[in-house]
Amino acid sequence: MHDPALLRRDPEEAARRLATRGFQFDVARFRELDERRRQLVRQVEELRAFRKSESEEIARLRRAGADTAEREQKVKAVGKEISRLEDELAVVEEEFRQFLAGIPNFPHESVPVGSGEGDNVEVRRWGQPREFNFTPKPHWELGPQIGILDLERAAKIAGSRFAVYWGAGALLERALIQFMLEVHTREHGYREVLPPFLTNSATLFGTGQLPKFAEDLFRVQDHDLWLIPTAEVPVTNLYREEILDARELPIKLCAYSPCFRSEAGSYGKDIRGIIRQHQFQKVELVKFTLPETSYEELESLTRDAEDILQRLGLPYRTVVLCTGDLGFAAAKTYDIEVWMPGQQAYKEISSCSNFEAFQARRANIRMRRPGGKPEYLHTLNGSGLAVGRTWVAVVENYQQADGSIVIPEALRPYMRAERITPKGELV
RNA sequence: GGAGAGAUGGCCGAGCGGUUGAAGGCGCACGCUUGGAAAGCGUGUAUAGGGGCAAAACCCCUAUCGAGGGUUCGAAUCCCUCUCUCUCCGCCA
């Protein structure tokens, strides 16, 4: 959500900035709604001021014993006019609100201009993809082969885009969650939080999923409740409608949660394996920061996510998304892509974004500096990391010719094993 | 799920349908006092929208006492609906 005053000051500039990300901002429509709204507000307020003073006058006259019937009639008529205008204003305000809510965030000036994925820019690369002396298998072959991943039974009990993990596969998932949370809480300074996995629609509005992207979500029947698509949603909204003490910023939170996505409109994409699921697990990093430090914090948040891959010895590259590939609420986003040898491709495993005040304004999250007025703070988040995809990366990168999987050093304390055998056993 | 009680400013807590945006207290800020501090005294201390302005300071207006609606010339105060919290009962991991 944008500040209407800012848009009013220079709508053409706003339109120009939004055009870089492929959004057409209707300047005339904005002007019309804004004008109309302010005009109605003025009228209503003038009438209310009149009614207020007249009512006080009536009270005075009554105490003095005078007849006030005539004045009362007059004020009554004004009251009718007020409610008529109020109804009209409510319609205009709702229209204005919806119009504003549908405008995506401005890209930050450092974001490369481009029209889509192809224009994203690689900013760094870490690790050498391993040389295999055999042809590495994709996880959807290796996993079922050694009995740690079962997509057929998942389809039976839930449908496509679900997975069942057996034995060492389930443990690997659990160990990854534990490992990530431990590193972020004990070494990167995040506070762990375990939020609800269902939220109401006001919460989803705050982070920008609603009203525009309802079709990407699962909704609970007969309740105002939705399955969260990411822990970003409940965690960012923890401080909705609150004013935080600026001296306590930055606030750094991390949260494990399952994530649920309908994946409507991604029918052809990633149909094999578990890269794109209706349900997956993720450890999320969320920050609340001062406006002047949010870009530094974006850098360190991205590094915190990358650190997990480095500790696991998984090669990756980091790209900055171009204006055309940016998500609705983001001003700048880094994607971290991990090397998947079975697919011979880098695959997104984390997305780290600075939303500046865009979410804060929607969710009304503010902070106050000592002695100052409330100001909107900046919100950021990133995956640290997507657990299911990390599972895939470990399986594909650490597979051996015989079908066994070497467990990365960093995970061994959590799995109490060094290897998953070709039969899916832990040794 | 059933019955009852409640929701007021950063916090606690008053509040006859009419100068109540809201008493009082606490907290906080500034000043006086002090060698310094405490105590004491004084002053101040919500947010949003609109207007005066192109802005800031400042001034004016309007709204807000859980949310929405209603009654009334006028609602924190009366009525209705909803949400949340607490207590008891039932059910349950």
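All of these numbers come straight from a predicted model, not from anything done at the bench. Chain letters run A, B, ... following the sequence lines, proteins first and then strands; every chain starts at 1.
- No engagement by R60(A) is indicated, since no non-hydrogen atom pair under 4.0 Å with the nucleic acid exists.
- Here, A5(B) and G66(B) have their C1' atoms 16 Å apart, quoted to the whole Å.
- Between R369(A) atom CZ and A29(B) atom P there is a gap of 19 Å when expressed in whole angstrom units.
- Ion pairing between R84(A) and E88(A) holds under the 4.0 Å rule for side-chain N and carboxylate O.
- Nucleotide G6(B) forms a pair with C84(B), judged by Watson-Crick or G-U wobble geometry with both contacts under 3.5 Å.
- Base pairing of A76(B) is not made with any nucleotide, judged by Watson-Crick or G-U wobble geometry with both donor-acceptor distances under 3.5 Å.
- Across all strands shown, G35(B) has no partner, as no Watson-Crick or G-U wobble contact with both distances under 3.5 Å is found.
- In this structure, CD of E241(A) is placed 19 Å from P of U83(B), rounded to the nearest angstrom.
- Taking atom P in both C60(B) and G21(B), one finds a spacing of 16 Å when rounded to whole Å.
- Using a 4.0 Å cut-off between charged nitrogen and carboxylate oxygen, E263(A) and R161(A) do not count as a salt-bridge pair.
- Of the nucleotides present, none pairs with C16(B) by Watson-Crick or G-U wobble criteria with both distances under 3.5 Å.
- Between R366(A) and E375(A) there is no salt bridge, since no side-chain nitrogen of the basic residue lies less than 4.0 Å from a carboxylate oxygen of the acidic one.
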| Between H188(A) and D307(A), is a side-chain hydrogen bond (donor to acceptor under 3.5 Å, both in side chains) present by the stated rule, with each step listed? | CA-CA 10 Å; H188(A) 296 156; D307(A) 186 38; 2.8 Å; yes

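- Applying the Watson-Crick and G-U wobble criteria (two distances, each under 3.5 Å), G1(B) pairs with C89(B).
- Applying the Watson-Crick and G-U wobble criteria (two distances, each under 3.5 Å), U47(B) pairs with A63(B).
- Taking the six-membered ring wherever Trp is involved, the centroid distance between the rings of H278(A) and F260(A) does not fall below 6.0 Å.
- Going from the P atom of G17(B) to that of U77(B) covers 11 Å, rounded to whole Å.
- Across all strands shown, nothing is found opposite A56(B) as a Watson-Crick or G-U wobble partner with both distances under 3.5 Å.
- The CD1-P distance, from I243(A) to G9(B), rounds to 13 Å in whole Å.
- In the set G18(B), A46(B), A48(B), A48(B) carries the atom at the smallest distance from any side-chain atom of R366(A).
- The shortest distance between the side-chain N/O atoms of R9(A) and the OP1/OP2 oxygens of A54(B) is not below 4.0 Å.
- With both ends at atom P, the span from C84(B) to C79(B) equals 23 Å, rounded to whole Å.
- Using atom C1' as the reference point in both C41(B) and A46(B), the two lie 26 Å apart (nearest Å).
- Looking at D224(A) and N200(A), their side chains never bring a donor and an acceptor atom within 3.5 Å of each other.
- When the P atom is used for both C86(B) and C28(B), the distance is 29 Å, rounded to whole Å.
- If D34(A) and R368(A) are placed on RNA chain B by their nearest nucleotide, the residue sitting closer to the 5' end is R368(A).
- Atom name P, nucleotides U47(B) and C89(B): the rounded distance is 44 Å, in whole Å.
- In this structure, NE2 of H223(A) is placed 11 Å from P of C84(B), rounded to the nearest angstrom.
- With both pairing distances under 3.5 Å, A22(B) is matched to nothing as a Watson-Crick or G-U wobble pair.
- Between the P atom of U19(B) and the CZ atom of R63(A) lies a distance of 8 Å, rounded to the nearest Å.
- In this structure, the CZ atom of R8(A) is 12 Å from the C1' atom of G51(B), given to the nearest Å.
- A donor-acceptor pair shorter than 3.5 Å cannot be found between the side chains of Y414(A) and E182(A).
- Note on D34(A) versus R31(A): no salt bridge recorded, every NZ/NE/NH1/NH2 to OD/OE distance being 4.0 Å or above.
- Counting to the nearest Å, the C1' atom of U71(B) and the NZ atom of K80(A) are 13 Å from each other.
- Residue contacts shown for R71(A) are absent, as no nucleic acid heavy atom lies under 4.0 Å away.
- Between the C1' atom of A48(B) and the CD atom of E93(A) lies a distance of 11 Å, rounded to the nearest Å.
- Atom P of U62(B) sits at a distance of 23 Å from the matching atom of G9(B), rounded to the whole Å.
- Closest approach to the R42(A) side chain among C73(B), G50(B), A48(B) is made by G50(B) (side chain taken as heavy atoms from C-beta onward).
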| field | Base-contact (B) and sugar-phosphate-only (S) positions in nucleotides 61-69 of chain B, heavy-atom cut-off under 4.0 Å, - elsewhere | value | BBS------

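- Put simply, R37(A) has a side-chain N or O that comes within less than 4.0 Å of OP1 or OP2 on G50(B).
- Looking at the side chain of R38(A), the nearest of the listed nucleotides U47(B), G50(B), G18(B) is G50(B).
- For H378(A) and F358(A), the ring centers sit 6.0 Å or farther from each other.
- With a 4.5 Å cut-off on side-chain heavy atoms, E187(A) and R311(A) count as touching.
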